[in-house]
Amino acid sequence: MDKELCLVPAGAAGRVLDRVLLLEQVIGPEGVRQALADTGCFDGRRCYLTREVIFWVVLAMGLLTDLPIRQIFKYARRLRAGEATPHRSSLCLARQRLGLAPVRRLFERVVRLLATPQTAGAFYQGWRLMAVDGTVYNVPDSPANAAAFGRPSAGPRGDGAFPQVRKLSLVEVGTHVEVAFVVKGIRGPGSGEQRLAPGLFRHLRPDMLLLWDRGFFSYVLWKSIVTQGCQLLARVSSRLVLRPMQSLADGSYLAKIYPCASERNKDRQGIVVRVIRYTLDDPLRVGHRQEHVLLTTLLDAARYPAVALVLLYHERWEIELVYDEQKTHQNPWRVTKSADLRSQTPLGVLQELYALSIGHFVVRSVMVQAAAPEGLDPDRLSFVGCLQILRCRLPECPDPASASFAGWYQGLLEEVRRERTDDAVRRNRINPRVVKVKMSKFKKKRSEHRPVPPLKKSFAESVVMLC
């Protein structure tokens, strides 16, 4: 690192990065330092690219996803005449020195459940609504990423174009907070969603009602959650054998699930569940006239009517919107980013995923605070609008210790509160599972095309005239 870069003075209130104070309001002024102390990350030399400084740069990456890392540093520090900016390579090396442990520790300390019993849409009869689901990220096509995460298989056409990671998340439905997640490469043992799910179960509590899609169902997972006291509402395949034991007044019935067919035939190790079967009579909707099957641990039909549970299950779609917020709006595709993430190393990929999740939590935390005074459902606020406001107002945030901060922050919440969505339209829409572009006429990129060998002749030397 250049010597003059180590001598740049700190800005207001002793901060090197003096334009990201809004992040401190959610994360806490001591959050970063405590995460560094908890993981034993201390700097052995005095330099303004300390681990604490680069930590804030990494957190700013979670919100300013459209900027290169060098421009993020410029954005986060006020302009001072004659001052040099660290080179991109210096910032990347500083990210590697920081590592993954402090960012993961900060995520564990800061990200939390935000809904209270007064939060509209976050509870059902006292049960806190939670959802679990997974998504896949394309990561940059570097040898290190390919070796660590693997590529998806395209059958006879060969491996996929990019290495991929699978992320499985546990989300608070009412606030869209990503409470926890686990990450695994797309290839290899233990990479499926069912195998990753137990990594999230330690975050479940007895006051929660967990929603999940039919791809997660297994006897082992169901039993594991039930023994923790958490309630379940899940969709399952219509082919699952569920023999009625007792019919209930609302059209549902009680049955048992078993670990295998032989145990079912002997009626051993069965777990009692409630079965709800329904279909849709609207020809404009996806799933029209198909049989849908829900299982739940809520066995009381009088207290938990079947139709109410059918409507409640479709709140699971909120976790799909969380992935849409993170991948489509917070970190969208652009010409300068061919993959979903920017990091060329496996450690950088994981660090970036934590930074994106913390950035998403910052936005959602401000939205929940803005919605609370008027008793609004946080879903009524536009994530895109609020994200744009935070990006716009981030540089002008005054010092949280100043007298002007409280008034400024209340003004920010009022501005966020005005970013409303049309809830009637949002709740009554369909999204068919189709893609606009299916295939390409070009040949598939294969292993022999990576990397491209260097040219030995110039273009002029390669020209051969034909008679």
Side-chain angles (χ1 to χ4, degrees), residues 113 115 122-134 168-174 179-182 190 192-248 250-278 292-316 318-319:
L113 299 167
F123 290 83
Y124 172 71
Q125 298 201 25
W127 303 106
R128 185 186 298 270
L129 299 181
M130 307 294 292
V132 62
D133 208 348
L168 194 69
S169 305
L170 178 66
V171 168
E172 186 178 40
V173 170
V179 178
F181 65 86
V182 290
E193 291 182 342
Q194 285 195 10
R195 295 290 186 89
L196 292 177
L200 299 173
F201 290 171
R202 63 187 177 91
H203 301 279
L204 297 176
R205 302 191 322 211
D207 66 336
M208 291 178 174
L209 173 57
L210 182 64
L211 313 177
W212 73 25
D213 204 0
R214 58 184 173 182
F216 286 95
F217 176 77
S218 78
Y219 176 88
V220 174
L221 294 184
W222 190 281
K223 183 177 180 179
S224 177
I225 293 176
V226 169
T227 54
Q228 292 185 237
C230 180
Q231 303 298 318
L232 268 167
L233 176 59
R235 187 181 176 191
V236 296
S237 170
S238 59
R239 297 189 297 271
L240 184 66
V241 178
L242 297 164
R243 296 171 180 169
M245 294 169 43
Q246 178 184 344
S247 297
L248 303 176
D250 61 355
S252 61
Y253 64 89
L254 300 184
K256 287 184 180 180
I257 56 173
Y258 298 89
C260 60
S262 62
E263 296 297 291
R264 182 192 309 115
N265 295 333
K266 298 174 184 178
D267 193 18
R268 295 188 309 195
Q269 302 188 56
I271 300 176
V272 178
V273 297
R274 183 175 164 206
V275 184
I276 302 171
R277 296 181 181 270
Y278 68 99
H292 304 270
V293 183
L294 300 181
L295 296 188
T296 182
T297 55
L298 303 175
L299 306 182
D300 189 342
R303 186 175 180 184
Y304 311 108
V307 174
L309 293 181
V310 170
L311 298 178
L312 181 64
Y313 172 75
H314 286 267
E315 291 291 311
R316 191 203 65 81
E318 298 295 334
I319 193 172

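All values reported here derive from a predicted model rather than from experimental measurement.
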* Asked: Can you tell if the side chain of Tyr258 reaches within under 4.5 Å of the side chain of Val241, non-hydrogen atoms only?
  -> no

* To do: Mind running side-chain contact (heavy atoms from CB on, under 4.5 Å) on Val179 and Met130 for me, showing each step along the way?
  => CA-CA 10 Å; Val179 178; Met130 307 294 292; 4.0 Å; yes

* Asked: Out of curiosity, Leu242 CG to Tyr253 OH, how far, rounded to the nearest 0.5 Å?
  -> 5.0 Å

* Grab the two heavy atoms, one from Pro198 and one from Leu221, that are nearest each other, plus how far apart they are. => CG-CD2, 3.9 Å

* Kindly indicate whether the side chain of Val236, heavy atoms from C-beta on, has any atom under 4.5 Å from the side chain of Ile257. => no

* Arg128 (side chain) donor-acceptor with Ala115 (main chain) under 3.5 angstrom -> yes

* **Minimum heavy-atom distance Val275-Ala255, with the two atoms named** => CG2-CB, 3.9 Å

* State, with a plain yes or no, whether a side-chain heavy atom of Arg205 is found less than 4.5 Å away from one of Leu113. => yes

* Would you say Ser169's side chain and Val171's backbone share a donor-acceptor pair under 3.5 angstrom? -> no

* **CG on Leu233 to OH on Tyr304, rounded to 0.5 Å** => 12.0 Å

* Asked: Measuring from Leu210:CG to Ile225:CD1, what's the distance to the nearest 0.5 Å?
  -> 5.0 Å

* Check the angle between the aromatic planes of Trp212 and Trp222 and answer parallel, tilted or perpendicular using the 30° and 60° thresholds. => perpendicular

* Structure fact -> Which of Leu309, Val173, Leu312 passes side-chain contact (heavy atoms from CB on, under 4.5 Å) with Leu209? It is Leu312

* If you measure from CG on Leu129 to CD1 on Ile319, what distance do you get to the nearest 0.5 Å? -> 12.5 Å

* Does Gln228 use its side chain to pair, donor to acceptor, with the backbone of Phe201 at less than 3.5 Å? -> yes

* Measuring from Leu170:CG to Met208:CE, what's the distance to the nearest 0.5 Å? -> 6.5 Å

* Pick one: which of Asp250, Asp300, Thr297 meets side-chain hydrogen bond (donor to acceptor under 3.5 Å, both in side chains) with Arg274? -> Asp250

* To do: State whether the side chain of Glu318 and the backbone N or O of Ala131 hold a donor-acceptor pair below 3.5 Å, judged by distance alone.
  => no

* Asked: Per the side-chain hydrogen bond (donor to acceptor under 3.5 Å, both in side chains) rule, which among Glu263, Lys256, Lys223 passes with Gln269?
  -> Glu263

* Asked: Just by distance, do the side chain of Thr296 and the backbone of Leu232 share a donor-acceptor pair under 3.5 Å?
  -> yes

* Any side-chain heavy-atom pair of Ile276 and Tyr313 under 4.5 Å -> no

* Structure fact -> Arg243 meets the salt bridge (charged side-chain N to carboxylate O under 4.0 Å, His left out) criterion, sequence neighbours left out, with none

* Which heavy-atom pair separates Gly134 from Phe216 by the least distance, and what is that distance? -> N-CZ, 4.3 Å

* **Nearest-0.5 Å distance, CG of residue Leu211 to NE2 of residue His314** => 11.0 Å

* To do: Using a cut-off of 6.0 Å, state whether more than 12 heavy atoms not belonging to Arg277 lie near its atom CZ.
  => yes

* Asked: Going by heavy atoms in the side chains, are Pro259 and Val220 under 4.5 Å from each other?
  -> no

* Is the number of heavy atoms from other residues, nucleotides or ligands within 6.0 Å of CZ (Arg264) greater than 12? -> yes

